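The structure appears below as C-alpha cells.
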Amino acid sequence: MDILSAFLLLLSASFASVRNVLTKGFSGFSFKNREFFGIQATIFGVGSLALLIVNVVSFDGFSLYTLFLALIYGIMLLCAQWCYTIALTKGKTAICATLYSFGFLIPTLSGAIFWHETITVFGYLGILIVIPVLVISGMGKKSDDKKSSSKAYLPPVIIALICSGGLGVVQKIQQKSAYASQTKMFILLAFIFCFITSLLFFLLLKKGENKILSRNLISCSVIGVFFATCNILNTYLAGRLDSAVFFPLINIGSILLSLLLGFIMYREKLTKKDVCVLLLSALAIILVNF
C-alpha cells in the first residue's frame with residue numbers, strides 16, 4: 001500500500017469514528033415519527049451541500065450511467081442508514097454494531113470472485129482474524145433489560161448489513177467503469193436522492209415526543225460533512241486497493257480509532273477486551289498487507 005492510500009484510509013476511518021460517536025445521540029428518535037427523518041434529512045442535506053461545493057470547484061462530468069448507479073447506491077445507503085438506526089433502538093448497540101460490521105465480507109469476497117483479485121494465504125488469515133475482532137468488540141456485560149434481550153433487532157440489522165456490503169460492491173463497480181472519474185458527482189447524486197426521500201418522510205409523518213434540538217442540528221452538520229467525505233474517500237480507495245485489503249482495514253481502523261477517541265474524549269480506560277482487540281487488529285492489518 002502506498003503512502004497516499006494509507007493516509008486516505010486513516011482519514012476515512014477517523015471521520016467514520018467521529019460520525020459513529022455523534023450518531024449515538026440520535027438513537028432516541030423513533031422511526032415512526034418525523035423527527036427521525038428530520039435528522040436524516042439534515043445529515044444528507046448538509047452532505048449534499050458540501051458535495052455540491054466540491055463538484056463546483058472540481059467538476060468531472062455527468063453521465064446517465066453515473067445517475068443510474070447513484071440511484072442504486074442511494075437506495076442502499078438509505079436502507080443501511082435507516083435500518084441500522086432502527087436496530088439500535090431495539091437491541092444493544094454493541095451487538096448491532098458487530099453484526100453490521102460483517103457487511104465488509106460481501107465486497108471483500110466479491111473482489112476475488114468478480115474482479116479476480118488475488119488473496120494470499122496470509123490475506124485469508126487476516127480476514128479470518130477480523131471476525132473474532134468484531135465479535136470481541138461487540139461483547140459486553142449481560143443485561144436484564146428485556147428490550148436488549150429481544151431478537152427484534154435482527155431483521156433490520158441483517159438488512160443493514162447486506163446493504164452496507166452492497167455499497168462496497170457498487171463502489172467497486174463505479175471505480176472499474178469508464179466513468180470512474182465522476183466519483184464526486186456519483187456520491188452527490190446519491191446524497192441528493194437520500195435527502196429528498198428523507199425530507200418527504202419528514203413532511204408526511206406525525207410529530208413525536210422527542211424534539212430536534214440545536215445541538216442535534218450541529219451534530220447532524222458535522223456528521224453530514226464527514227459522511228460525505230467518507231463516501232468519496234471509500235469509493236476512491238475501493239478502486240485503488242484490492243477489496244481484501246481495503247474493506248477489512250476500514251472496519252478495523254474504525255474500531256481502533258473509536259477506542260482511542262473514547263479514551264481521549266471521555267477518559268475511558270482500556271479494558272482487557274480493548275487490549276485484545278488492539279493486538280488482534282494489529283495482527284490482522286499486518287497479515288492483510290503481507
Side-chain angles (χ1 to χ4, degrees), residues 1-23 37-82 107 163-164 166-200 216-241 246-247 249-250 253-254 257:
M1 184 187 301
D2 57 273
I3 297 178
L4 177 60
S5 296
F7 172 74
L8 294 179
L9 185 64
L10 178 61
L11 186 64
S12 181
S14 300
F15 284 179
S17 299
V18 175
R19 171 187 164 237
N20 289 337
V21 171
L22 294 179
T23 301
F37 296 98
I39 290 290
Q40 302 299 325
T42 304
I43 291 173
F44 286 116
V46 172
S48 297
L49 181 60
L51 289 166
L52 180 61
I53 295 174
V54 172
N55 274 274
V56 170
V57 174
S58 178
F59 181 68
D60 293 323
F62 170 83
S63 67
L64 292 178
Y65 178 84
T66 297
L67 174 61
F68 173 72
L69 211 58
L71 290 177
I72 297 176
Y73 190 84
I75 292 172
M76 290 184 176
L77 193 62
L78 268 184
C79 289
Q81 179 83 348
W82 290 359
C163 290
S164 175
L167 289 175
V169 176
V170 176
Q171 288 172 342
K172 198 76 174 182
I173 292 173
Q174 196 276 333
Q175 286 295 292
K176 293 295 182 179
S177 72
Y179 305 97
S181 61
Q182 298 178 10
T183 300
K184 295 185 291 292
M185 177 58 68
F186 164 68
I187 301 299
L188 171 61
L189 292 172
F191 264 65
I192 290 177
F193 169 81
C194 294
F195 166 67
I196 293 175
T197 305
S198 298
L199 183 61
L200 287 175
N216 297 136
L217 295 178
I218 294 175
S219 295
C220 286
S221 299
V222 175
I223 292 172
V225 174
F226 281 18
F227 196 19
T229 304
C230 283
N231 274 269
I232 291 179
L233 292 177
N234 290 348
T235 303
Y236 172 74
L237 289 169
R240 191 180 182 94
L241 301 174
F246 170 62
F247 293 105
L249 288 187
I250 193 65
S254 296
L257 291 174

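Along the sequence shown, residues are numbered consecutively beginning with 1. The model shown is predicted, which means the values in this text are computed figures rather than measured ones.
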Ser221 and Val46 have their tightest heavy-atom pair at O-CG1, 3.5 Å

Residues Arg240 and Ser5: closest non-hydrogen pair is NE-OG, 2.6 Å

Report yes if the side chains of Ile72 and Phe193 come closer than 4.5 Å at any heavy-atom pair, otherwise no. no

_Assess the residue pair Tyr236 and Leu8 against the criterion (side chain to side chain contact (heavy atoms under 4.5 Å, CB included)); give the C-alpha distance rounded to whole Å, side-chain angles, the decisive distance to 0.1 Å, and a yes or no._
CA-CA 9 Å; Tyr236 172 74; Leu8 294 179; 3.5 Å; yes

In this structure, CG of Asn216 is separated from CD1 of Ile39 (nearest 0.5 Å) by 5.0 Å

query: Got Lys172 and Thr235 here, is their nearest side-chain heavy-atom distance under 4.5 Å?
result: no

Backbone of Met185 reached by a side-chain donor or acceptor of Asn55 within 3.5 Å: yes

Here the gap from Leu77 atom CG to Ile187 atom CD1, rounded to the nearest 0.5 Å, amounts to 8.0 Å

| message | Val170 vs Phe186, test: side chain to side chain contact (heavy atoms under 4.5 Å, CB included). Steps then yes/no. | response | CA-CA 11 Å; Val170 176; Phe186 164 68; 3.9 Å; yes

Correct closest heavy-atom pair for Gly47 and Ala228 would be O-CB, 3.8 Å

CG (Leu199) and CD1 (Ile196) are apart, to the nearest 0.5 Å, by 8.0 Å

### Message
For the OH atom on Tyr179, are there more than 12 heavy atoms of other groups (residues, nucleotides or ligands in this structure) within a distance under 6.0 Å?
### Response
no

Rounded to the nearest 0.5 Å, the CD atom of Gln182 sits from the CG atom of Leu67 at a distance of 10.5 Å

Are Ile223 and Val18 packed together at the side-chain level, in the sense that at least one heavy-atom pair is separated by less than 4.5 angstrom? no

Nearest heavy-atom approach of Leu189 to Ala70 is CB-CB, 3.6 Å

d(Cys220 SG, Leu22 CG) to nearest 0.5 Å is 9.5 Å

- Message: Please determine whether the number of non-hydrogen atoms from other residues, nucleotides or ligands lying under 6.0 Å from atom CG of Leu4 exceeds 12.
- Response: yes

With Leu51 as partner, the option from Asn231, Ile192, Val56, Ile232 fulfilling side chain to side chain contact (heavy atoms under 4.5 Å, CB included) is Ile232

Test item: Asp60 and Thr183 side chains (from C-beta on) under 4.5 Å apart, heavy atoms: no

| With ring centroids as reference points, do Phe44 and Phe195 lie under 6.0 angstrom apart? | no

*Close aromatic pair by centroid cut-off 6.0 Å: Phe191 and Phe227*: yes

Given side chains that start at C-beta, do those of Ser58 and Lys184 come closer than 4.5 Å, heavy atoms only?
yes

Query raised in the report: Looking only at atom types and distance, does a side-chain atom of Thr229 sit under 3.5 Å from a main-chain N or O of Val225, one as donor and one as acceptor?
Result: yes

Practice item. Taking atom types as modelled, find out whether Gln171 and Tyr73 have a side-chain donor-acceptor pair closer than 3.5 angstrom. Key: yes

Nearest heavy-atom approach of Gly74 to Cys194 is O-SG, 3.4 Å

Worksheet item: Is it the case that more than 12 heavy atoms not belonging to Tyr65 sit under 6.0 Å from its OH atom?
Response: yes

When you compare the side chains of Ser14 and Ser17, does any donor N or O come within less than 3.5 Å of an acceptor on the partner?
no

Worksheet item: Counting distance only, does the side-chain N/O of Ser177 pair as donor-acceptor with the main-chain N or O of Gln174 below 3.5 Å?
Response: yes

Output for pair (Leu241 CG, Leu9 CG), nearest 0.5 Å, gives 7.0 Å

In terms of heavy-atom contacts, Gln40 and Ser198 come closest through CB-OG, 3.7 Å

(message) Would you say that Ile250 contacts Leu237 through its side chain, given a criterion of any heavy-atom pair below 4.5 Å between the two side chains?
(response) no

